Protein chains: 2
Amino acid sequence: MVFEQRVKMSDVARTAGVSVATVSKVVNGRYGVAQATVERVQQVIHELGYEASLGAQSLRSHRTNVLGILVAEFEPFSTELLKGASREVAGSGYQLLAYSSGDGEGAAIGWERRSLARLSGTLIDGAVIVTPTVVETKHGFHVVAVDPHTGPSGLPTVDSDNFAGAVLATDHLLSLGHRRIAHISGRPDLESARLREAGFRKAMADAGVPVDERLVRVGGFRTETAASTAAELLALPDRPTAIFAGNDLSAISTVDVARGLGLGVPDDLSVIGFDNIPESALVDPPLTTIRQPLQRMGAESLRLLIDLIAGVERDTHIQLPTELVVRASCRALR
Amino acid sequence: MVFEQRVKMSDVARTAGVSVATVSKVVNGRYGVAQATVERVQQVIHELGYEASLGAQSLRSHRTNVLGILVAEFEPFSTELLKGASREVAGSGYQLLAYSSGDGEGAAIGWERRSLARLSGTLIDGAVIVTPTVVETKHGFHVVAVDPHTGPSGLPTVDSDNFAGAVLATDHLLSLGHRRIAHISGRPDLESARLREAGFRKAMADAGVPVDERLVRVGGFRTETAASTAAELLALPDRPTAIFAGNDLSAISTVDVARGLGLGVPDDLSVIGFDNIPESALVDPPLTTIRQPLQRMGAESLRLLIDLIAGVERDTHIQLPTELVVRASCRALR
DNA sequence: GACGATGTCGAAAACGTTATCGATACCGAT
DNA sequence: ATCGGTATCGATAACGTTTTCGACATCGTC
């Protein structure tokens, strides 16, 4: 075991025979140090393996070249974003710091505000916040919201076209001949859920198919609640022949319930989801769904953040297209 | 736009009519503050939305309740670990901070040392380092290595049984009747690559099938290099009927190359990978591979780190089992 | 040889927090 | 009345950086 304390700037200074002020100038490439001194100090830095403390550095300078991604939890959705963001940040001169408050379930509301308060001003130069519910904007600190849960706020935002995606999903079912189509909607307080329901209604209206209101029910985007909703729908005397679930979790849950009732998917019931989380391809049957380009959303949000910090004038609302992914959970009505 | 600066401890102190010292005591729940004062200060903290600056806090106290996961880049491998780690950290009282140095390609060797130097001592109380190549241990700072690229160091380590996994993969191909089996190995300087090659040779030897040395070539674990290696193998006069690729990236790349040459997978060539990254299930054909329990590895590494910090006496080398995942990229030799 | 200009360096303050320790106020007991 | 003890609080010094600004040398110029 090596006995080795953290090597700090004063250690470098002492070894090189200069002051810490000079070392700082060398590290930051500032003017006013003799060439010979620069080289000597750099030599010592290299030998001692000195690296500036992020904490101390940011405390003083309010500039760290680190960007933050704040998430409630590292689950499939946010990690996909992370991959895209990571790719975008490479070569930009920034480093990436992903932070999770880690309160179980990410349930504690206001996590984004707390995490932001903890890291902003010090530590990071800007942040991407994933699926925030409440947003408030601090002066002089740049924030980009990805897939925000409330409607358009003042914040720069990256999201996908939930409305068009829902139309796509509904049209797909319609084109397969389905008419009794149900919709399991998400949490009513979430903008994305509202848009998906609106898209569903629009597609039905355009096709001249009246919506049976008993077939539109809240599923809450969650496995358990969606399951009971699906059970209700399938217990109806004239049950739907197809279900458009508000997200993939609900869809997967719906398939399970149908199975439990002895209904085959897609033989007796077609199910389509939304999101295209990686799990959707792995379930049986593989889920037909609407893809949100998550990695690209991650990349775009980072690009947007970097541009904002650099002061580039640009559009601050990016909406990416959604896309139909046909797998095996839907089939034509016989 | 709200004009709002970061609210700091002195703001709270002023509003509550006490000193910053008192506020600090309240925040940290230390003894020596009147009950009435505690309540008043907490009220103000809540109203102003005060949150301690991670940077300043750690600079002074060397204790932050934040654990770090250091990765070269956020790619599928590390994000899977992250999911597991995130689950484990919930409810532990710690928060999770994932950090990527973000040098393009993660190629710059020594990133783990630099990131560690940057964050340790300040900011984080301990760290999990993913696939480190060089490791050195600082005094009094706890580090766990996941899937380290060099052999057993002094560090606490979590990895999976690469050798047994390679045997599994090779046995699978053998059981399908293949005899001309190639191996695209990883970077020779990496322990996991060596173990996988060793497992391959062991399985071949046990089956009494001699290894044709021309069929064992370095692929380097990377898409491009694996592609050219695969091209070489498939250009051989008596080309292999099956390929065991060192990891899934190489395997996917190999399938692409085979396709390009007009070879069907699995009809004309069987391909098996290693890792079971989520992408493996999505490619066409879905990849048969060896699963490393990545999420569990992430969870175990965090558990180990927390125990080490808490001073729990325990085993510091955790090896998790690997598992064959049969999908559609291998078939019996006709 | 005196002078301003220029180049090089270090002392010291500041960033927002925590920890120590002394000051003050109040209490009951003698 | 005085005193020791206890509760409560605040001044102050750190933590490791960056930044400002003044000190000192050196140099070319007239």
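Since the model is a prediction, treat every value here as computed from it, not as a measurement. Letters A, B, ... are given to chains in the order of the sequence lines, protein chains preceding strands, and every chain is numbered from 1.
Using a 4.0 Å heavy-atom cutoff across all strands shown, Val27(B) reaches no nucleic acid atom at all. Residue contacts shown for Ser24(A) include a base, since a base heavy atom lies under 4.0 Å away.
Applying the side chain to side chain contact (heavy atoms under 4.5 Å, CB included) rule to Arg296(B) yields the partners Pro293(B), Glu300(B), Leu320(B), Pro321(B); only residues at least two apart in sequence or on another chain are considered. Residues that satisfy the salt bridge (Lys or Arg N to Asp or Glu O under 4.0 Å) test with Lys8(B), not counting sequence neighbours, are absent from this structure. Partners of Thr79(B) by side chain to side chain donor-acceptor pair (under 3.5 Å), not counting sequence neighbours: none found. Legend: residues meeting side chain to side chain contact (heavy atoms under 4.5 Å, CB included) with Glu39(A), ordered by chain and number and at least two apart, are Gln35(A). In terms of the side chain to side chain contact (heavy atoms under 4.5 Å, CB included) criterion, residue partners of Ser86(A) (sequence neighbours excluded) are, by chain and number, Leu96(A), Glu73(B), Phe74(B).
Side chain of Thr37(B) to backbone of Val33(B): no donor-acceptor contact under 3.5 angstrom is found. Using a distance-only test at 3.5 Å, with no hydrogens or angles considered, a donor-acceptor pair links the side chain of Glu112(A) to the main chain of Thr133(A). Proximity of a side-chain donor or acceptor of Ser78(B) to a complementary backbone N or O of Glu75(B) within less than 3.5 Å is detected.
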Pairs under 3.5 Å (N/O, protein and nucleotides 4-8 of chain C):
residue: dG7(C); atom: OP2; partner: Tyr31(A); partner atom: OH; Å: 3.4

Pairs: protein N or O with nucleotides 11-14 of chain C N or O, under 3.5 Å:
residue: dA14(C); atom: N3; partner: Arg60(A); partner atom: NH1; Å: 2.5

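The CE atom of Met9(B) sits 16 Å away from the P atom of dC15(C) (whole-angstrom rounding). Rounded to a whole Å, the CG atom of Leu59(A) is 12 Å from the P atom of dT18(C).
With no hydrogens or angles considered, a side-chain donor-acceptor pair links Asp125(A) and Thr64(A) at under 3.5 Å. Under the 3.5 Å distance criterion, with hydrogens and angles disregarded, no donor-acceptor pair is assigned to the side chains of Gln57(B) and Arg63(B).
First and last contacting nucleotides of DNA chain D toward chain B (any atom under 4.0 angstrom from a heavy atom, 5' to 3' order): dA7(D) to dG16(D).
Sorted by first and then second residue, the pairs that involve residues 12-29 of chain B and meet side chain to side chain donor-acceptor pair (under 3.5 Å), not counting sequence neighbours, are Asp11(B)-Arg14(B), Ser19(B)-Thr22(B). Note on residues 301-316 of chain A: pairs passing side chain to side chain donor-acceptor pair (under 3.5 Å), not counting sequence neighbours, are Asp307(A)-Arg314(A). For the side chain to side chain donor-acceptor pair (under 3.5 Å) condition, the pairs that include at least one residue of residues 40-56 of chain B, sequence neighbours left out, are Thr122(A)-Ser53(B), Gln43(B)-Glu47(B).
Note on the helix from dG1(C)-dC30(D) to dT30(C)-dA1(D): terminal axis deviation equals 60°, with five pairs used at each end and the result rounded to 10°.
Taking 4.0 angstrom as the limit, Ser61(B) places none of its side-chain polar atoms (N or O) nearer than this to OP1 or OP2 of dT17(C).
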